[in-house]
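So that the names make sense, note that chain A is the first sequence line, chain B the second, and so on, each numbered from 1.
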There are 2 protein chains.
Amino acid sequence: MPRVKSRSETVSIAQLAKHLGLSEGTVSRALNNYPDIAKKTIARVRKAADELGYRPSTTARRLARGVVETIGFVLPARHGHQIDPFLAEILDGLATELALSDWDLLVAAVPDGHDEVEVMDRLIRSGKVGGFVVARTRRNDPRVDFLRKSHVPFVVQGRTAKSDDYAWLDIDNEKAFIDAMNHLVGLGHRKIAYLGGDPDLNYAWQRREGFLSAAKAHGCDVPSGYVFDNITDEMAARRAVTELLKHPDRPTALLCVTDAVAIGAIHALAHAGIEVGSEISVIGFDGLPMGEAIHPGLTTMSQASYQIGREVGRIVVAQANVPASELSQILWEASLTIRGSANPPAQKSVTNAKGGIS
Amino acid sequence: MPRVKSRSETVSIAQLAKHLGLSEGTVSRALNNYPDIAKKTIARVRKAADELGYRPSTTARRLARGVVETIGFVLPARHGHQIDPFLAEILDGLATELALSDWDLLVAAVPDGHDEVEVMDRLIRSGKVGGFVVARTRRNDPRVDFLRKSHVPFVVQGRTAKSDDYAWLDIDNEKAFIDAMNHLVGLGHRKIAYLGGDPDLNYAWQRREGFLSAAKAHGCDVPSGYVFDNITDEMAARRAVTELLKHPDRPTALLCVTDAVAIGAIHALAHAGIEVGSEISVIGFDGLPMGEAIHPGLTTMSQASYQIGREVGRIVVAQANVPASELSQILWEASLTIRGSANPPAQKSVTNAKGGIS
DNA sequence: ACGCTATCCGAAAGCGGTTTCGGTTGTCAA
DNA sequence: TTGACAACCGAAACCGCTTTCGGATAGCGT
């Protein structure tokens with residue numbers, strides 16, 4: 001265990017103090033704006049400090065103060081093989097916001113054979129982080145349960161089934177899918193199928209709820225074979241579309257749990273020679289830039305991932321600064337972005353031509 | 001500045017030592033496998049340590065040892081609005097690899113009005129990181145210049161124009177594009193256009209070099225209007241395609257600097273009613289999962305971003321552990337993934353039917 | 001029984017800051 | 001003048017762990 005320190009390179013408070021002819025304590029208090037230091041001393045210290053390029057060692061400061069201005073973010077174990085673009089944006093926003101408050105962002109992965117809670121526990125016990133942000137919540141999420149018991153501040157992007165006693169920021173997924181349904185029904189659709197995700201993930205659950213309750217409210221029939229779960233990749237989306245096309249009562253619209261699923265569905269439809277946006281309408285959720293690029297453009301419910309990241313960062317820092325503060329529980333709305341993939345259904349005649357008698 | 005410490009929660013080495021009836025020093029040495037501690041003492045200490053759930057405070061340990069096992073990664077200032085999926089994968093791999101060596105990953109953003117070097121400088125001076133990974137290198141990159149002067153270990157994903165004196169891992173972009181050209185020429189193409197990126201970014205430069213040198217080697221004509229630069233988003237790709245379609249000598253193939261550009265081009269072509277893969281072939285670079293989903297599938301040069309992240313992580317840690325070690329300079333090859341978007345050009349007759357006299 | 005190595009462990013000095021607690025000054029009213 | 005009270009600053013303890021150094025103990029040969 002060699003000492004690798006390059007202590008020469010960096011200015012310590014001791015050097016600064018000697019340089020100024022002051023004691024270390026005074027210099028420290030000056031830099032931290034203690035009221036009992038003369039204004040001009042403060043100024044003098046400040047000046048010397050940035051002339052010498054002094055930056056207090058965060059390590060030492062942490063040890064002395066006992067606070068760690070770092071929030072942890074554990075990357076979800078990669079079930080698939082690619083990181084979700086939504087997460088990447090959140091991270092970006094989070095890092096940006098934290099930078100403004102001089103907090104750091106520690107990103108951790110979960111090595112094989114370990115689990116997320118274990119990783120989080122180590123991060124806390126070893127004092128590497130002083131707070132957490134968790135995303136991609138399951139309806140019933142061990143990470144949240146763990147953090148509830150631990151005493152570090154944390155904010156959840158999303159919610160769990162029981163979410164009254166911690167801070168979170170979520171998109172109103174249920175309302176978003178009701179809105180999407182309203183839009184489809186407003187366009188004249190009645191036969192709407194749903195391509196859902198893993199219902200353990202709370203957002204997928206909520207979205208399905210939104211779909212189902214809206215269908216009920218509008219009196220839309222949801223025949224068996226109209227609702228799919230666990231559509232998590234392109235291939236699954238294709239299979240689902242294939243089945244739907246064989247359905248005796250073929251839907252005129254598809255509501256999809258994410259843009260990725262919607263895009264998969266669109267490709268599958270195109271592949272089957274179905275014209276998207278006229279023969280069948282498709283709506284997604286996320287607002288990925290990708291949706292703008294494909295043809296037809298994807299009508300979707302957009303959420304501002306980057307902003308979500310920023311807001312979550314703001315909240316977690318606020319909570320760390322005022323530990324006993326009220327818990328923020330914030331619900332944001334997704335907004336409908338209309339592009340070419342959802343339009344009124346084909347005229348009755350066409351519909352009749354298929355199943356029709358009259 | 002209140003003390004927010006939850007010092008009660010966490011076991012310190014003092015408590016552990018008292019519990020064992022040993023001195024702190026002995027406990028420390030036992031846990032760090034010093035040879036001068038009796039084997040059974042070590043065992044006893046170990047046992048007690050994880051019974052009590054003791055985790056040494058990284059802060060204190062860092063202060064004492066003078067080393068910071070954290071590597072920094074500065075997110076490129078977001079010129080666009082979305083984070084590059086390639087970066088996200090690298091981060092994932094990096095985090096995974098670092099976790100194996102018990103290193104941490106600190107992700108920092110660049111606040112408005114600051115620049116990347118400034119952020120890196122602060123991270124180093126304040127002792128928050130002990131090494132860096134930089135990605136998305138420009139041909140002539142101030143970050144690399146800065147790190148060269150600073151004395152922290154760092155590894156560059158990519159290279160700069162002058163790259164002999166630091167550690168890097170790069171894809172052989174030039175060779176990749178030569179390979180892609182060989183593939184196209186092998187299929188029978190002679191009229192190949194190039195949709196390039198920002199030539200300040202070294203990979204874009206290298207890829208264009210590869211294209212140009214291969215074109216020359218094969219004796220392919222590259223008429224003016226065949227080479228585009230600064231295609232950085234879908235819109236630009238569309239505009240370029242539009243121009244190419246009006247070109248008096250319309251190309252039979254498009255080589256694109258990235259998959260994103262290729263996908264943009266494909267959509268533009270589809271939109272113009274051109275059948276991709278028969279009328280015009282398209283090749284991309286990256287191997288994004290997206291390329292598999294579109295129709296036709298995108299023929300592309302794949303790079304294993306996640307693996308790149310891991311390897312870069314391995315290198316930077318190795319370098320931090322053995323500061324004077326040889327610099328790793330590693331070149332990986334991209335591999336050709338053949339899908340539907342590149343095929344032999346339309347038969348001569350068709351070609352002739354257009355511009356032909358005979 | 002004695003001295004002499006090995007073996008093992010305790011004491012103590014850091015690491016670079018922060019923060020409490022007093023002790024000096026200078027000022028001003030009595 | 002003198003005393004009291006601010007206003008400022010220095011001394012020193014501490015945060016939790018590491019590491020050097022030397023002392024105590026035990027085992028061994030003689």
Legend entry - Minimum heavy-atom distance A/E311-A/I330, with the two atoms named: OE2-CD1, 3.7 Å

Inset, instruction - Nearest whole angstrom, please: distance from the C1' of D/dG16 to the CZ of B/R55. - result: 16 Å

Legend entry - Nearest listed nucleotide, side chain of B/A60, among D/dG10, C/dC9, D/dG16: D/dG16

Inset, instruction - Take the protein atom CG of B/L31 and the nucleotide atom P of D/dT19, then report the distance between them rounded to whole Å. - result: 12 Å

Legend entry - Closest-nucleotide ordering on DNA chain C, the 5'-leading residue of A/S12 and A/D36: A/S12

Legend entry - Proximal nucleotide (of C/dT18, C/dC8, D/dC9) relative to the A/N32 side chain: C/dT18

Inset, instruction - Report the distance from atom CD1 of A/I37 to atom P of C/dT20, rounded to the nearest whole Å. - result: 13 Å

Inset, instruction - Starting from P on C/dG16, measure out to NZ on A/K18 and report it in whole angstrom. - result: 13 Å

Inset, instruction - Please answer whether the main-chain N or O of A/T160 pairs with a side-chain N or O of A/R138 as donor and acceptor at a distance below 3.5 Å. - result: no

Inset, instruction - Answer yes if the side chains of B/T70 and B/R62 hold a donor-acceptor pair under 3.5 Å, and no otherwise. - result: yes

Inset, instruction - Under 4.0 Å between any heavy atoms, over every strand shown, what does A/T26 touch: base, sugar-phosphate, or nothing? Just pick one. - result: base

Inset, instruction - Determine: side-chain N/O of B/T41 to OP1/OP2 of C/dC9, distance under 4.0 Å, yes or no. - result: yes

Legend entry - Sub-4.5 Å side-chain heavy-atom contact between A/Q319 and A/E326: no

Inset, instruction - Could you pick out which residue, A/K39 or A/G25, lies toward the 5' side of DNA chain D when each is mapped onto its nearest nucleotide? - result: A/K39

Inset, instruction - Provide, to the nearest angstrom, the distance between the CG atom belonging to A/L16 and the P atom belonging to C/dT18. - result: 11 Å

Legend entry - Nucleotide D/dC14, atom P - distance to CD of B/E24 in whole Å: 13 Å

Inset, instruction - Classify the side chain of B/R29 and the base of C/dG10 as holding, or not holding, a donor-acceptor pair under 3.5 Å. - result: yes

Inset, instruction - Check whether more than 12 heavy atoms from other residues, nucleotides or ligands sit under 6.0 Å from atom NZ of A/K47, and answer yes or no. - result: no

Legend entry - Value in whole Å for how far the P atom of C/dA13 lies from CG of B/L63: 17 Å

Inset, instruction - Using atom types as modelled and distance alone, determine if a side-chain donor or acceptor of B/N32 lies under 3.5 Å from a backbone N or O of B/S28. - result: yes

Legend entry - Identified side chain to side chain contact (heavy atoms under 4.5 Å, CB included) partner of A/L105 from the options A/V129, A/V133, A/L94: A/L94

Inset, instruction - Could you tell me whether a side-chain N or O of B/T96 sits under 3.5 Å from a main-chain N or O of B/D92, the two making a donor and an acceptor? - result: yes

Inset, instruction - Output yes when at least one side-chain N/O atom of A/R65 is less than 4.0 Å from OP1 or OP2 of C/dT19, else no. - result: yes

Inset, instruction - Indicate whether OP1 or OP2 belonging to D/dT18 is found under 4.0 Å from a side-chain N or O atom of B/S28. - result: yes

Inset, instruction - Using five pairs at either end of the helix from C/dA1-D/dT30 to C/dA30-D/dT1, determine the angle between the two local helix axes and round it to 10 degrees. - result: 60°

Inset, instruction - Tell me whether the OP1 or OP2 atom of D/dG16 has a side-chain N or O from B/S57 closer than 4.0 Å. - result: no

Legend entry - Of the listed nucleotides C/dT19, D/dT20, D/dG16, the one nearest the side chain of B/Y34: D/dT20

Inset, instruction - Specify the separation, in whole Å, of atom CD1 of B/I42 and atom P of C/dC8. - result: 9 Å

Legend entry - Under-4.0 Å side-chain N/O to phosphate OP1/OP2 contact, B/S23 with C/dA11: no

